Amino acid sequence: MMEIICCNESYTYNAYHIMKAFYPAGNMVARVDEKASNYVEAVLPDGSRLAISREKELTKKELDRALYRKLKEITGRSLAWGVLTGVRPTKIAMKKLEEGMDKGAFVQWFQKENLASEEKTILAWEIANREKELLDRLDYENGYSLYVGIPFCPSVCSYCSFSSGALFDWKDSVEAYLDALCKELAYIGKVSVEKKLNTIYIGGGTPTTLEPDQLKILLDEITANFDCEHLAEFTIEAGRPDSITREKLQMIRNYPITRISVNPQTMNQETLDIIGRRHTVEETKQAFALARECGFDNINMDLIVGLPGEDREMVEHTLDEVRVLAPDSVTVHSLAVKRAARLNIFKDRYQEMTFENNQEIMDMTMRTAYEMGMGPYYLYRQKNMKGNFENVGYAKVDKAGIYNILIMEEKQPIIAVGAGGSSKLVFDHGKRIERVENVKDVTNYIERIDEMIERKRKGINTWL
C-alpha cells in the first residue's frame, strides 16, 4: 500500500491521480497532515521516499509539475498528457482558440503549462479547431440538445459503470418506464417550444433492447412533442449487435434519425466472452450489414483498447475486421475502470490477465482511422484510463457526431430525460453550468416521475 501525505486538502486529488498514472497497479491512499514538513511525501513501491519540499512557495500547478518531474526521474517514464488528470484537453484548447491564440503560441504554452507531449498538444489543438467549425453552425443562444436514456441492456458488460441493467431483470417494468419517459418528454417539449432543438441522442443502456412497437411509442412521442426543423443530428444507439433486428431498424428508418451506432468494442470472440457481451463477432458483422441494407449511411462503431487479455495483435485484428466493414465513424475508447464496474468489483477474477495499452496501440488506431478516410473530431479523457491515454472520435467528412462534441465542450444546454439523466443548463457560453439530476434507479424514476418533472421545472425556468 502506497500512502500519499499532503500538507493541504487541495493537493490530494491531483497528487493521488498523478501518482496513480505512474503506478497504475499500485494500491494507494492519500491523506492530509497539515503539520507535514513537505507539500507531498510518499513511500514508493521499492521502499524509496519521495518528497516535495515546502522550502519554496509553490502554486498547485507548480506542485503538480514538481511531482511529475520527480516521478519521471524515478520511473524513467513520461506521460503523454503530462500533469493533466481527467481533464478535457480540447476544452482548454477551445478556450485559447476563442481568445485568439494561434497554433504556435498554444503548443508552446500548453506544453510548458502541462508538460504534455508535442503530439498530444497538437492533437488537442487540431480537434478543437474541428469542433469549433462544427459548433459554429449551431445556435448557442436559443439552441439545445435532448438526451433520452434507455437503461436496459441484453446483459451488463464487466467494464460498465453506467446506470443500466440487464433487460431480463427489468422486462416487467419496460412499459411503465416508457409511460414515465413519455410523460417527461411531453413536459420538456411543451416548455421548450420557443427554443431550437439542434441534436437528439437516444442512448443508455441499449435503446434497441426495446421491441419495435415500444420504439414506435418512444419515437412517436419525440416527433409529436419536438420540432425537428432545426435538427443537425438525430442519433440512436443500436450498440449491442444482439439487440438489432430488421424490424427494429425498419421502424427506426420511419423517423428522421440520421446516425446510429453498432458497437463491437472488440472483434475477438474470447474477449467478448470475458467481458460479458453475449454476442458473437459474426453477429456484429451481420448487424452492420443489415443496417447498411436498411439504408443507414452514417454508422458509428465503438472500440475499446485495454480490455482484459488483449495485446497489440488482438487490437490489430479488431481494426482489420472493422476496416472491412467500413463504418462512417469510429470512437476509440481507452478502458477506464470506474469504481462501480465489475472489473473492479470482481477484480480477483481478472488478476491473472493483462490490461495492455500503449502509445504504439493508440498510434495504430489513429493510423487505421486515417487509412479509412477519417479524421479526429472529438477527444476526452477520464481518470483511471489504462495507459493514461484518451478517447478519440474519428469520422469521415460530414459524419462527425455533433452531440459528442456538445457534451464535452458544454456550449449549449443538454436536457436529459429518463433514469439517471443529468441535464446541463449552460449559461454565457459555458461560463456557468447548472445541473438537474434524475434518480438513477428505474423503479424510483417510475414512481417519482412527477418529482423528476418538478425538478426540471425549477431548473429549466432559469434557462428559458
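Here the structure is a predicted model, which is why all the values come from computation and not from measurement. All values below were derived from every heavy atom in this structure, side-chain atoms included, with hydrogens, water molecules and symmetry-related copies excluded.
Ion pair Lys95/Glu98 not flagged as a salt bridge, since none of the NZ, NE, NH1 or NH2 atoms sits closer than 4.0 Å to an Asp/Glu carboxylate oxygen. Ionic pairing of Arg323 and Asp320 is present here: one or more N-O contacts between side-chain nitrogen and carboxylate oxygen are shorter than 4.0 angstrom. The pair Arg130-Glu126 fails the salt-bridge criterion, with no side-chain N (NZ, NE, NH1 or NH2) lying under 4.0 Å from an Asp/Glu carboxylate O.
Gln412 and Asn198 share a donor-acceptor pair across their side chains, judged by distance under 3.5 Å alone. Inspection of the Asn438 and Glu184 side chains reveals an N or O donor paired with an N or O acceptor under 3.5 Å. Judged by distance alone, the side chains of Ser422 and Glu437 do bring a donor and an acceptor atom under 3.5 Å apart. Judged by distance alone, the side chains of Tyr201 and Glu237 do bring a donor and an acceptor atom under 3.5 Å apart.
Considering only residues two or more places apart in sequence or on other chains, Phe22 meets the ring-ring contact (aromatic ring centres under 6.0 Å, His included) condition with Tyr68. Tyr445 is linked by a ring-ring contact (aromatic ring centres under 6.0 Å, His included) to Tyr177, counting only residues two or more places apart in sequence or in another chain. Partners of Lys91 by salt bridge (charged side-chain N to carboxylate O under 4.0 Å, His left out), not counting sequence neighbours, listed by chain and number: Glu410. Checked against side chain to side chain donor-acceptor pair (under 3.5 Å), Asn129 has no partners two or more places apart in sequence or in another chain. Qualifying side chain to side chain donor-acceptor pair (under 3.5 Å) partners for Glu321, counting only residues two or more places apart in sequence or in other chains: Lys285.
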List the atom pairs, donor and acceptor, that lie under 3.5 Å between side-chain atoms in residues 267-274 and the rest of the protein, sequence neighbours left out.
residue, atom, partner, partner atom, Å
Asn268, ND2, Thr266, OG1, 3.2
Asn268, ND2, Glu310, OE2, 3.1
Asn268, ND2, Met314, O, 2.9
Asn268, ND2, Thr318, OG1, 3.2
Gln269, OE1, Val281, N, 2.9
Gln269, NE2, Asp273, OD1, 3.1
Gln269, NE2, His279, O, 3.3
Thr271, OG1, Glu310, OE2, 2.7

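Remark: Arg457 is not positioned above the aromatic ring of Tyr187, lacking an NZ or CZ atom under 6.0 angstrom from the ring centre and at most 45 degrees off the axis. The cationic atom of Arg432 (NZ for Lys, CZ for Arg) lies less than 6.0 Å from the six-membered ring centre of Phe427 and within 45° of the ring axis.
For an aromatic pair to be called close, the ring centres must be under 6.0 Å apart, and Trp125 with Phe110 fails this.
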